[in-house]
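Here's the structure we're looking at; comments come further down.
Quick note on labels: first sequence line is chain A, next is B, and so on, each numbered from 1.
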Amino acid sequence: MEYNFREIEAKWQSYWSRNQTFKANEKTDKPKYYVLDMFPYPSGAGLHVGHPLGYIASDIYARYKRHQGFHVLHPQGYDSFGLPAEQYAIQTGQHPAITTETNIATYRKQLDKIGFSFDWSREVRTSNPEYYKWTQWIFIQLFQSWYNSATNKAEDIETLVAIFEKSGNENVCAQAEDGIELFTADAWNGFSKQEQENILSKYRLTYLSDTEVNWCPELGTVLANDEIVNGVSERGGHPVVRKKMTQWSMRISAYAQRLLDGLEKLDWPQPLKDAQTNWIGRSQGASVKFAIENQEAQDVIEVFTTRPDTIFGVTFMTLAPEHDLVSKITTAAQKEEVEAYIEATAKRSERDRMADVKTISGAFTGAYALHPFTGEKIPIWIGDYVLASYGTGAVMAVPCGDQRDYNFAKHFQIDIKNIFEGVDVSEAACEDKTAKITNSDFLSGLSVKKATKLAIYEIEQRGFGKGKINYRLRDAVFSRQRYWGEPFPVYYKDGMPQMIAVEHLPIVLPEVEKYLPTATGEPPLGNADHWAWCTETNSIVSKEKINNETIWPMELNTMPGWAGSSWYFNRYMDPANDGAFVSKEAVNYWKEIDLYIGGSEHATGHLLYARFWQKFLFDRGHLPVDEFAKKLINQGMILGTSAFVYRLEGTQTFLSKGLIENQKVQAIHVDVSLVNSADELDIEAFKNHPMNKDFKEAIFKGEKGEIIDGVNDTYVVGREVEKMSKSKYNVVNPDAICEAYGADSLRLFEMFLGPLEQAKPWKTSGISGVHSFLKKMWKLYHHDNTFFVSEEKASKEELKILHKTIKKVQEDIENFSFNTSVSTFMIAVNELAALKCNKREILEPLLVLISPYAPHISEELWCKIGNKESIATASFPIFDANHLIESSKVYPISFNGKMRFTLELPLDFSKEEIEKKVLAHEKTQAQLEGRTPKKVIVVPGKIVNIVG
RNA sequence: GCCUUGGUGGCGGAAUUGGUAGACGCGCUGGAUUCAAAAUCCAGUUCUUUCGGGAGUGUGGGUUCGAUUCCCACCCAAGGUACCA
């Protein structure tokens with residue numbers, strides 16, 4: 001009886017699906033465990049072998065947890081809004097929903113072949129109206145909320161209105177954005193509705209604002225910074241301009257501190273936590289106001305500094321060229337120079353400015369600030385090393401203590417005042433914080449730490465500013481000028497945004513004829529006719545009926561890709577609920593993800609936004625926990641091994657890899673499927689491949705240097721490890737692997753490739769190892785080609801093998817070292833095969849051990865040995881350390897001049913047990929060696945000493 | 001520049017709390033089986049050697065009876081990030 005993996009795998013995949021083996025259900029007493037993969041965007045290219053790596057790992061863990069008696073939630077879904085489907089729609093006119101549907105079908109077919117234990121009854125798709133109804137609902141909740149820093153949580157906007165009505169904004173203005181003036185309760189009550197709304201929008205957690213964006217007129221859309229290369233769009237090379245646009249933003253900055261604090265209790269990879277910490281970019285210091293000579297009192301320059309202790313070292317100020325005060329304070333004499341400089345910087349993209357750090361440029365405004373303590377005149381400069389987008393867009397320049405200020409001062413010959421005791425600043429600034437402050441009035445003689453404290457105290461006492469914590473984290477722009485995204489549940493009444501009441505959700509994406517921006521530059525939704533809101537019928541009506549009385553225009557932007565992915569993990573808990581985004585019962589049972597697996601590229605995107613929304617929904621009482629994923633693992637990328645042929649430059653002759661030295665050759669990617677495991681090229685297949693039409697008549701010289709006629713020489717390709725991608729012709733399709741070796745082989749091999757978290761190259765030739773292991777395992781259960789398992793009692797030796805394996809595999813799974821447990825299986829099967837072991841007592845638990853890794857073959861054999869229920873419901877075997885004692889290794893060590901012997905034992909033994917066992921061991925050992933037994937001393941920890 | 005992770009045979013990678021470095025797999029070599037091939041099985045495979053050994057986990061130091069493991073300095077690679085005041 002052969003190991004017919006194709007038949008076995010098809011059989012069990014259909015069994016699992018028919019019996020809903022992996023369906024999760026809250027009505028149970030078992031402890032819960034929630035294992036989740038980051039859901040995929042269903043691209044048209046389908047899956048390659050790199051994609052399932054994380055899914056296999058999470059599947060192994062989910063199956064393991066089921067064996068451990070946990071009630072496991074392990075769902076899967078699709079992040080189905082996205083750009084590629086929209087671009088395909090622009091090119092072909094096909095509705096993105098259709099493309100998406102087709103792609104999902106392909107994904108599902110591919111995933112099903114690998115034998116995952118997903119509960120597909122809970123599938124979510126972000127582009128389904130039943131799903132994005134709740135994305136819209138969350139948006140409305142954010143709009144209806146503000147962040148109260150007194151209670152340190154988000155609250156209903158009504159509580160803010162109540163405060164305003166009672167006492168104005170005196171006590172809450174500090175948390176709001178800059179530019180809010182103080183008002184009293186009376187003033188508030190006297191404001192018009194519109195004025196009140198304008199004020200409230202500065203507190204709401206999502207708000208409209210004029211944001212400067214990278215606008216590409218040619219593409220009709222906003223581009224992210226990384227979509228711009230050298231000032232033109234990455235795609236198409238079109239010019240990009242900075243443009244102010246009214247956009248929705250999310251006030252994530254309100255959560256900066258809590259997002260930072262929350263990291264501490266998360267079991268996430270350190271690099272990922274560091275990335276978030278850097279991204280949030282907390283810096284502690286002071287904000288200080290500098291008055292300007294000959295200017296009105298309210299025109300002050302506010303700076304943020306992390307070194308208030310160096311305030312007496314200030315010799316000039318630098319403003320960002322875009323700073324609001326620049327035009328106001330520039331003197332007539334300097335006007336021309338300043339304007340020229342501003343124009344020059346505006347031409348350079350932000351990216352250029354960042355890339356070019358060495359060139360020092362700037363201009364003097366002619367104005368002077370006044371030092372708050374000394375009253376000295378301080379020249380005000382502008383320079384593009386100061387960024388408008390960070391802090392206040394202005395710095396107090398201390399050349400002796402900051403290298404950039406130092407360089408600027410040297411370049412423009414501005415004074416450099418030394419305020420550090422015994423430090424030479426003639427060559428460079430002193431940036432370390434060990435020097436004592438001197439030459440600084442009341443700060444002289446103090447250490448940096450003490451001086452900083454005192455400086456802030458004095459600044460606050462004298463009213464020049466206050467201690468402040470600054471964050472790099474910016475509010476997130478939430479509007480996209482795209483079609484294929486969630487529409488906002490918003491209409492505009494007299495230009496003011498209005499939320500559509502929750503009972504009228506979802507606001508379904510309208511049909512459009514064209515997926516491009518309109519002729520007038522409106523987003524694609526501007527093409528929709530049926531896109532106006534009627535407040536009488538509470539429904540969407542034709543745009544032509546807009547009368548600005550009962551029928552109003554609707555929002556034309558859509559939400560960004562991260563909207564739907566910021567809360568989907570909560571939806572899996574209760575995916576069909578029509579009355580809430582998740583029911584209280586479901587979320588109180590499942591609470592949060594226990595294990596989340598996905599790529600590290602989401603560190604500062606998805607994983608930060610999702611934490612933000614989770615905290616917000618927690619604050620508003622919709623969720624029981626404020627972090628959504630307890631443990632997170634980043635799986636490494638699987639890289640492709642590209643193959644190359646070498647064309648002798650300017651000819652139609654291809655040289656084999658061994659011939660290319662000292663030759664001028666051009667390396668050309670060749671489809672990896674045309675190359676065998678010995679790196680030899682199938683020349684006929686190469687010539688017939690559609691991508692090689694031009695090479696039909698090409699000549700191939702093999703390793704021996706002869707022209708290949710197909711008999712006596714072979715063409716060897718070059719190899720290189722690269723990212724797996726269609727354009728590099730190095731993509732390996734999991735379907736082909738399943739067809740040739742089976743899903744169990746694929747699963748084992750993906751784990752065997754190397755540590756889960758590391759990047760590693762794919763080499764199909766290696767799969768033969770795990771495949772022949774499965775065949776060997778199959779043979780353990782078969783004799784003379786018929787199935788046979790003996791009921792005989794297992795021997796000591798066999799039990800030792802089993803328990804060694806249980807222990808190792810359990811440790812490996814819990815440490816996520818899935819690669820080493822595959823080796824453990826191989827060793828166990830080899831050892832059992834050598835003993836010709838066919839005993840149920842050993843073979844049955846062995847199947848449970850391996851079933852998370854290779855579920856199909858395990859189910860088949862499990863069924864054959866007489867089990868009626870799926871192996872998924874079997875308990876994990878219990879490790880018994882007693883079976884391991886004799887496998888301990890003994891070796892001599894010399895310690896403090898005496899000879900001792902070290903005996904390695906499993907750690908599960910208690911001290912007394914070890915003593916007893918070792919004594920027995922030593923007795924037999926001594927008998928064998930013909931000596932007297934030695935005294936046994938058990939040292940706590942690893943080593944047992946047998947003293948000679 | 002800064003932060004993070006890593007560096008072990010021809011290759012992917014093992015090695016618990018400091019205790020026989022190179023498990024397991026690929027590849028390679030030899031053998032068995034076969035008319036032959038595939039498949040399967042067995043043996044060998046860090047380097048070096050005068051066959052006694054000797055060297056060896058990026059480099060140089062240190063701690064230790066003993067270091068891939070701990071400490072210090074440096075080199076290299078990958079990923080993240082950046083005129084952040």
Once you apply the 3.5 Å cut-off to both distances, tell me the Watson-Crick or G-U wobble partner of B:U46, or none.
B:A55
Sticking with atom P, work out how far B:A36 lies from B:U45, rounded to a whole angstrom.
29 Å
Now, which nucleotide makes the Watson-Crick or G-U wobble pair with B:C26, with each of the two distances under 3.5 Å?
B:G10
Any luck finding a side-chain donor-acceptor pair between A:Glu722 and A:Ser642 under 3.5 Å?
yes
List, with names and distances, any nitrogen or oxygen atoms from the protein found under 3.5 Å away from nitrogen or oxygen atoms belonging to nucleotides 5-10 of chain B.
none

Could you check whether the rings of A:Tyr390 and A:Phe304 sit parallel, tilted or perpendicular, using 30° and 60° as the cut-offs?
perpendicular
Flag the pair A:Phe312 / A:His371 as yes when their ring centroid distance falls below 6.0 Å, and as no otherwise.
yes
What is the base-pairing partner of B:C41, counting Watson-Crick and G-U wobble geometry with both distances under 3.5 Å?
B:G31
Among all residues two or more places apart in sequence or in another chain, which pass the salt bridge (Lys or Arg N to Asp or Glu O under 4.0 Å) test with A:Lys775?
none
Side chain to side chain donor-acceptor pair (under 3.5 Å) filter on A:Asn830, not counting sequence neighbours, yields A:Lys776
Syn within 90° of 0, anti beyond: B:G9 is syn
Watson-Crick or G-U wobble mate for B:U81, both contacts under 3.5 Å
B:G1
Tell me whether A:Lys800 is salt-bridged to A:Glu831, with the criterion being a basic N under 4.0 Å from an acidic carboxylate O.
no
Distance below 4.0 Å between A:Arg404 side-chain N/O and B:C84 OP1 or OP2:
yes
Does B:G52 adopt a syn or an anti glycosidic conformation, taking syn as a chi angle within 90° of 0?
syn
Expressed in whole Å, how much space separates the C1' atoms belonging to B:U48 and B:U4?
39 Å
If you measure from the C1' atom in B:G80 to the same atom in B:G27, how many Å do you get, rounded?
35 Å
Sugar-phosphate only, base, or nothing, as touched by A:Pro755 at under 4.0 Å among non-hydrogen atoms
sugar-phosphate
Whether A:Tyr390 contacts B:A85 is assessed here as follows: a side-chain N or O lying under 4.0 Å from the phosphate OP1 or OP2. Is that the case?
yes
Residues at least two apart in sequence or cross-chain that pass ring-ring contact (aromatic ring centres under 6.0 Å, His included) with A:His323, listed by chain then number, are none
Step by step, would you call A:Glu811 with A:Asn815 a side-chain hydrogen bond (donor to acceptor under 3.5 Å, both in side chains)?
CA-CA 6 Å; A:Glu811 275 170 10; A:Asn815 297 324; 5.7 Å; no
Could you tell me which residues satisfy salt bridge (Lys or Arg N to Asp or Glu O under 4.0 Å) with A:Arg474, sequence neighbours excluded, listed by chain and number?
none
Please name the nucleotide paired to B:U64 by Watson-Crick or G-U wobble geometry with both distances under 3.5 Å, or report none.
none
Walk along nucleotides 21-26 of chain B from 5' to 3' and tag each nucleotide B, S or - by protein heavy-atom contact under 4.0 Å, base first, then sugar-phosphate.
--BBSS
Rounded to whole angstroms, how far apart are CD1 on A:Ile280 and P on B:A82?
14 Å
